[in-house]
Amino acid sequence: MRIAIDGYNFALPNGTGISSYGMALAHTLRSMGHAVEGVFGIDVAGPAAHREALFYDRLARPARRPKGLKRWLSATRLATGAASFRVSSGGVDARSLAHRLPHFDALWSSPDLFERAQDYFRLTGRFTELQIASPPDIMHWTYPVPVRVKGARNIYTLHDLVPLRLPFATLDEKRLYRALVGTCVAQGDHICTVSEASRADIIELLHADPGKVSNTYQVSTIDPAVIAEDAAVSAETISALFGLAPQGYYLFYGAIEPKKNLGRLIEAYLSLRLKAPLVIVAAKSWQSSAEVVLLPREDDPSGLRHEHLRDRVVQIDYLPRHLLLRLLRGARALVFPSLYEGFGLPVLEAMSLGVPVLSSTTAAIREIAGEAAILVDPYVVAEIADALARVDADAALRQSLATRGIARAAAFSESAYQRALAEMYSKVLGETS
């Protein structure tokens with residue numbers, strides 16, 4: 001089949017969990033023999049010969065949006081649909097972007113598609129109809145966007161309903177978000193999600209028909225070179241770059257935002273006086289000041305208040321994926337006491353690499369980790385601290401968690417993901433043929 005996926009999150013410079021999902025989805029679809037096409041919102045209007053250069057030039061470079069009346073007039077023009085342009089390939093050497101973009105058999109792009117469609121939905125409550133000259137069999141949106149491709153079966157992935165379950169933990173406009181995901185359920189050909197916990201939320205909160213919601217889980221595409229690399233080589237790389245010893249540090253990675261619960265993790269860690277430092281790979285997001293109140297502040301130039309933390313907490317805003325995975329492979333444990341996850345990709349990635357996991361009992365984490373991780377109530381600092389102390393002191397426990405984690409991760413293999421996707425697509429095509 002020809003299956004298209006959106007580039008909404010691929011266009012972000014440092015990626016997101018959803019861009020990782022999109023990369024894994026594209027890789028899996030290609031391994032199943034499908035043609036994979038990309039749908040983007042980059043302005044490539046003009047002569048066909050110029051489009052590829054414009055596409056890569058403007059990728060991740062936010063366009064200047066019109067303001068005021070011009071912005072809303074631009075949105076209202078979508079009443080008759082949005083045109084897309086075919087982007088040829090072959091002239092641009094895009095190898096340096098291979099970590100951000102999967103290989104696409106065809107590229108389509110419509111100027112400012114996602115921003116204009118969002119404005120149009122806000123005005124009218126209707127989805128934008130995107131016109132593709134030769135529509136794919138399936139348009140698999142990796143994120144709830146108010147767009148549908150005319151002539152294709154439109155599937156929307158809803159990873160979680162965090163804005164409804166933990167409304168204080170996101171910046172979404174809650175009425176607009178509920179209307180958006182509700183319309184995905186009502187008008188989409190199918191809903192895809194990534195855990196039974198999220199599927200239950202979608203059925204309960206959005207009153208979705210259970211037969212119209214499929215949980216496919218997901219996979220992590222860990223570079224085989226990382227897995228194959230000798231552990232000593234990985235350890236030397238991490239030591240040279242960061243001065244960290246193998247199994248000599250704890251790792252958290254994600255985003256500094258309320259649902260990740262980093263504030264309670266830092267408090268628990270600092271209460272123990274552990275020798276192994278806590279390494280945080282996370283960029284500050286919204287409401288991050290409350291999460292890192294115990295760490296050095298930019299407005300505290302003396303640094304005296306936090307001098308004793310100099311060697312205890314290491315914060316890195318962003319790492320390329322190949323370095324992040326090597327850092328994960330060498331960690332004493334992954335510490336990830338999130339308040340809510342639709343899946344919890346760091347948990348799966350840690351288990352896949354044989355890294356002990358300390359995480360939370362909430363949402364999908366228990367479902368993904370099974371009996372292969374130590375799970376705590378993420379709202380109780382003392383529980384997080386007690387679990388950290390146990391992991392730190394007990395080498396046999398760490399080895400047991402590593403062994404159990406590798407076995408548990410095998411349940412989320414690419415072959416299992418292929419079967420789940422094939423079943424979902426077959427169902428959608430059967431229902432709409």
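Scope of the values below: all heavy atoms of this structure, side chains included, with no hydrogens, waters or symmetry mates.
- Panel note: side chain D6, backbone T142; a donor-acceptor pair is recorded below 3.5 Å.
- Side chain of Y249 to backbone of L327: a donor-acceptor contact under 3.5 angstrom is found.
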Could you pull out every donor-acceptor pair under 3.5 Å between side chains of residues 369-385 and any protein atom, sequence neighbours left out?
from	atom 1	to	atom 2	distance (Å)
D377	OD1	Y379	N	2.9
E383	OE1	D377	N	2.9

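- Listed for the D172 side chain is no donor-acceptor partner under 3.5 Å among the backbone atoms of P163.
- In this structure, F40 and L113 have side chains that are not in contact, with every pair of non-hydrogen atoms separated by 4.5 Å or more.
- Using a 4.0 Å cut-off between charged nitrogen and carboxylate oxygen, R326 and E236 do not count as a salt-bridge pair.
- Within the 4.5 Å cutoff, side-chain heavy atoms of M23 are placed close to those of F10.
- Each of L262, V335, L265 was checked for a side chain to side chain contact (heavy atoms under 4.5 Å, CB included) with I280, and the lone residue meeting it is L262.
- For the residue pair E267/S271, the side-chain donor-acceptor check at 3.5 Å is not satisfied.
- M351 places a side-chain heavy atom less than 4.5 Å from the side chain of R408.
- Annotation: E196, atom CD; neighbour count of heavy atoms from other residues, nucleotides and ligands within 6.0 Å is above 12.
- Side-chain N or O atoms of R329 include one that pairs as donor or acceptor with a backbone N or O of V226 at under 3.5 Å.
- When all heavy atoms are compared, the tightest approach of D119 to A75 is CB-CB, 3.6 Å.
- Closest approach of S352 and I222 over heavy atoms only: CB-CD1, 3.9 Å.
- Using a 4.5 Å heavy-atom cutoff, the side chains of Y253 and L328 are in contact.
- A distance of 6.0 Å separates CG in L319 from CG in L324, rounded to the nearest 0.5 Å.
- Scanning both residues, N154 and D189, for their nearest heavy atoms gives N-OD2, 2.7 Å.
- Classification of D105 and R2 as a salt-bridged pair fails, no side-chain N sitting under 4.0 Å from a carboxylate O.
- Using cut-offs of 30° and 60° on the angle between ring planes, the pair F127 and F121 is perpendicular.
- R86 has no carboxylate O lying under 4.0 Å from a charged side-chain N of E37, or vice versa, which leaves the two without a salt bridge.
- Between the side chains of H140 and T157, a donor-acceptor pair is found at a separation under 3.5 Å.
- Shown here for A276 and Y250, the closest heavy-atom pair between the two residues is CB-CE1, 3.8 Å.
- Scanning for salt bridge (Lys or Arg N to Asp or Glu O under 4.0 Å) contacts around R404 gives an empty result, with sequence neighbours left out.
- Distance alone, capped at 3.5 Å, places no donor-acceptor pair between the H34 side chain and the I3 backbone.
- In summary, the side chains of Y156 and Q187 do not present any donor paired with an acceptor at a separation below 3.5 Å, with no hydrogens or angles considered.
- Between the side chains of E229 and S234, a donor-acceptor pair is found at a separation under 3.5 Å.
- Between M424 and C192 the shortest heavy-atom distance is SD-CB, 3.7 Å.
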Pair R153-D137, salt bridge (Lys or Arg N to Asp or Glu O under 4.0 Å): steps then yes or no:
CA-CA 6 Å; R153 279 71 165 182; D137 299 294; 5.9 Å; no

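- Side-chain atoms of L161 and Y177, non-hydrogen and from C-beta on, do get closer than 4.5 Å to each other.
- Between E341 and T362, every side-chain heavy-atom pair lies at or beyond the 4.5 Å cut-off.
- The shortest side-chain heavy-atom distance between T28 and R30 does not fall under the 4.5 Å cut-off.
- Atoms OG and CE, from S415 and M32 in turn, are 11.0 Å apart once rounded to the nearest 0.5 Å.
- With no hydrogens or angles considered, a side-chain donor-acceptor pair links E414 and S31 at under 3.5 Å.
- Although no hydrogens or angles enter the test, the distance criterion places a donor-acceptor pair under 3.5 Å between the side chain of D43 and the main chain of A45.
- No donor-acceptor distance shorter than 3.5 angstrom exists from the side chain of Q218 to the backbone of F343, with no hydrogens or angles considered.
- Using a distance-only test at 3.5 Å, with no hydrogens or angles considered, no donor-acceptor pair links the side chain of K212 to the main chain of I191.
- A donor-acceptor pair is defined here as one N or O able to donate and one able to accept, closer than 3.5 Å; no such pair exists between the side chain of R332 and the backbone of P277.
- Taking the side chain to side chain donor-acceptor pair (under 3.5 Å) definition, one finds that S195 meets it with S198, sequence neighbours left out.
- No side-chain heavy atom of P111 sits less than 4.5 Å from a side-chain heavy atom of I42.
- Between A24 and V219, the shortest heavy-atom distance links the atoms CB-O, 3.6 Å.
- Judged by distance alone, the side chain of D112 and the main-chain N or O of E115 form no donor-acceptor pair under 3.5 Å.
- Classification of the W141-F114 ring pair by plane angle, with boundaries at 30° and 60°, yields perpendicular.
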